[in-house]
Amino acid sequence: ITVAVVVPTSVSVSPASPTCAVGATVKLSASITPASATDKTGVWASSDATVATVDQTGLVTGVKAGTSAVSFTTNSGNKSANRTVTVTAP
């Protein structure tokens, strides 16, 4: 039996302009194409955890006012996308 592995060709992150206040959260989501990709898992990361942190479900928490690029990288195919999250003062 041969199982065809479909590797992701691209990934996008939404919403387009995420914003949250210090201490609040905003949920990001990753869309992987093609829809038939075998492995749709990946890793979320924040470029500046002093401004915003992100858990592995895409939930971003504002830490201090500023901006941070939050990225999602697929485990299969190593495709990546990010959004700049703006954190506002409470």
Side-chain angles (χ1 to χ4, degrees):
I1 296 174
T2 302
V3 177
V5 174
V6 180
V7 177
T9 55
S10 68
V11 62
S12 61
V13 174
S14 60
S17 301
T19 301
C20 69
V22 171
T25 60
V26 62
K27 176 74 168 158
L28 302 185
S29 61
S31 297
I32 295 170
T33 53
S36 60
T38 306
D39 182 359
K40 295 181 182 178
T41 61
V43 177
W44 289 97
S46 173
S47 67
D48 189 345
T50 67
V51 172
T53 60
V54 62
D55 70 12
Q56 291 310 302
T57 68
L59 188 66
V60 177
T61 302
V63 177
K64 73 174 183 180
T67 59
S68 178
V70 174
S71 63
F72 180 83
T73 304
T74 61
N75 288 326
S76 176
N78 199 35
K79 300 298 178 187
S80 184
N82 68 63
R83 288 285 181 224
T84 298
V85 176
T86 301
V87 179
T88 58

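The line from CG of Asp39 to CG of Asn75 is 5.5 Å long, rounded to the nearest 0.5 Å. Rounded to the nearest 0.5 angstrom, Ile32 CD1 and Thr41 OG1 are separated by 7.0 Å. Residue Ser46 holds its OG atom at 11.5 Å from CG of Asp55, rounded to the nearest 0.5 Å. Within the model, atoms CZ of Arg83 and OG of Ser12 stand 7.0 Å from one another, a figure rounded to the nearest 0.5 Å. Phe72 CZ to Ser14 OG: the interatomic distance, rounded to the nearest 0.5 Å, is 11.5 Å.
The backbone N or O of Asn82 sits nowhere less than 3.5 Å from a side-chain atom of Ser71 that would complete a donor-acceptor pair. Listed for the Ser47 side chain is a donor-acceptor partner under 3.5 Å among the backbone atoms of Ala69. The main-chain N or O of Ala30 is never found under 3.5 Å from a side-chain atom of Lys40 such that the two would form a donor-acceptor pair.
Residues Val51 and Val22 fall within the same hydrophobic cluster, defined by Ile, Leu, Val, Met, Phe, Trp and Tyr side chains chained together at heavy-atom separations under 4.5 Å.
Remark: Ser76 engages no residue in a side-chain hydrogen bond (donor to acceptor under 3.5 Å, both in side chains) (not counting sequence neighbours).
Side-chain contact, Ser10 with Thr33: a donor N or O sits under 3.5 Å from an acceptor N or O.
Closest approach of Leu59 to Thr25, counting heavy atoms only: CD1-CB, 3.7 Å. Among all heavy-atom pairs drawn from Trp44 and Val70, the shortest one is CE3-CG1, 3.9 Å.
Residues Val7 and Lys79 form no side-chain contact, since every pair of their non-hydrogen atoms from C-beta on lies 4.5 Å or further apart. Taking the side chain as every heavy atom from C-beta outward, Lys64 and Val87 never approach each other to under 4.5 Å. Residues Pro15 and Leu28 have side chains in contact (heavy-atom distance under 4.5 Å, counting atoms from C-beta outward). A 4.5 Å side-chain heavy-atom check between Pro34 and Val6 finds at least one atom pair inside the cut-off.
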